[in-house]
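For ligands, and for the atoms within them, numbers begin at 1 and follow the listed sequence.
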Amino acid sequence: MTTFPESFLWGTATAAYQVEGAWNEDGRGPSIWDTFSHTPGLVANGDTGDLACDHYHRLESDLDLLAGLGVGAYRFSISWPRVQPGGAGGLNEPGAAFYDRLIDGLLTRGIAPVATLYHWDLPQELEDAGGWPARDTALRFAEYARLMGERYGDRVHTWITLNEPWCSAYLGYGSGVHAPARTDPAAALAAVHHLNLGHGLAVQALRSTAAGDADMSVTLNLHHVRGVSEADAAAVRKADALANRAFLGPMLEGAYPRDLIEATSSVTDWSFVRDGDEAAACQPLDVLGVNYYNPTLVRHWDGSGAKETADGHQDGAASPWIACEDVEFVRQPGPYTEMGWNIDETGLTELLLRLHRDHPGLPLMITENGAAFPDPVGQDGLVHDADRIDYLRRHLSAVAEAIAGGADVRGYFVWSLMDNFEWAHGYAKRFGIVRVDRETMERTWKDSAHWYRDVVATGKLPE
Ligand code: FCB
């Protein structure tokens, strides 16, 4: 029987734009995701986050849902345009009051609030002024972080500055499949840097407030990159530099890796990195957040034949993999989830052990892991998602294996508490352990929610 440490933090995760709705209420300003989702053709089925899960109006019952699951923590994100509509100036009081109710409601129920400051919903005004490729956005982000620390710092357990800056930079400004839908490789690398800088400045800003005693973190979707054969070592190294060390380098070691700068020299000279920026990005962290869904498989590409692009982007379209013309992203063997992502939990164990080896002494937390499946509603009106239970069981076993191997993993958050707006895929992809009926907004526990409640209650994986 697999048993987790007594102190292990069990949770579920969501993000503001994916669940809240109320996009134009109580003074909330527009974000780049409002603009993106309201642009015809960018989101499947024309879906938007206008209503999402109506979480803004169903806060109390959603908090009761969390209490029913028995989780010790809840990872949510604060909508920047809700609390500081244009990304500058003072707080929008009605918006800020929503997160008071959320945080206090969690604490009343004995659930630790884990707050992400930026889960992709940049105020549109900041994008209009240049977005993440512009240095000023990092400075604005730090100011926003300070306001959040002043307001909620006495009550939040863990602060996560950014969620998956890989996606913000490379999908937002590189391949353009995420907001703000730009396809400019040099801008994407500038965004990488200003996200790193913004992270460091935000940690500093938070520490100057009542949040100073809270845990500080950032969530990265690190890619566990494997090569098809030994001959693909250079391809592995390049993908690893772009995906992982572009963030781990500055954030944890205070420097960009040399090979990253060299590999991207035809795209940018990195002159947007000013003296002192790398040191500013490198702030002591209490825990590193890791999001994991599947591993990445690469092969050296010599330019002949059709190139595989198994990472999801269309052949011929702009790639999120900047300067990786000689790297082929190879489709991996199944089984697959509804996203087309292969299920392979061994990558999670290997990734956690690598982090433990490369960054000893830095505790880790799985801030997202989960899967979309078809989730048909049965005759009994329920969702019997044995496939999701199997996915979660495999990945929790993989975490336990990493812990047994020495990795200091402090907690695990299922993505997601409930079915929600899955970005460019709209509502078609269901990741929740709780089903949300799109017509009635009714929440129904799937089998996986019952299963997870038992895991949380016992701290053990059932046989
Ligand atoms: C991650 C995002 C999260 C969710 C999952 C499926 O990349 O952080 O919001 O969409 O993927």
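Here's the thing with E422: one of its N/O atoms is less than 3.5 angstrom from an N/O atom of ligand 1. Here's the thing with E164: one of its N/O atoms is less than 3.5 angstrom from an N/O atom of ligand 1.
The distance from the CE atom of M251 to the CG atom of L362 is 12.0 Å, given to the nearest 0.5 Å.
Residue-level proximity to ligand 1 for N163 is carried by the side chain, the only part with a heavy atom below 4.0 angstrom.
Counting the atoms of ligand 1 from 1 in the order shown, those under 4.0 Å from a heavy atom of H119 are 2 (C), 3 (C), 8 (O), 9 (O). Of all atoms in ligand 1, listed by their number and element, those nearer than 4.0 Å to a heavy atom of F431 are 6 (C). For ligand 1, the atoms closer than 4.0 angstrom to any heavy atom of W423 are 3 (C), 4 (C), 9 (O), 10 (O).
The protein heavy-atom contact nearest to atom 5 (C) of ligand 1 is Y293 OH, 3.2 Å.
The residue from Q18, E368, M339, K429 that puts a heavy atom closest to atom 11 (O) of ligand 1 is E368.
Ring geometry, F373 versus Y391: the interplanar angle exceeds 60°, so the pair is classed perpendicular (tilted spans 30 to 60°). Ring planes of W23 and H38: perpendicular class, angle over 60° (limits at 30 and 60°). In this structure, H223 and W166 have tilted ring planes: the angle between them lies in the 30° to 60° band.
Here the rule is side chain to side chain contact (heavy atoms under 4.5 Å, CB included) with R443, and of D64, D419, V436 only V436 fits it. W80 pairs in a ring-ring contact (aromatic ring centres under 6.0 Å, His included) with only one of the listed residues (W120, W33, Y144, Y99), which is Y144.
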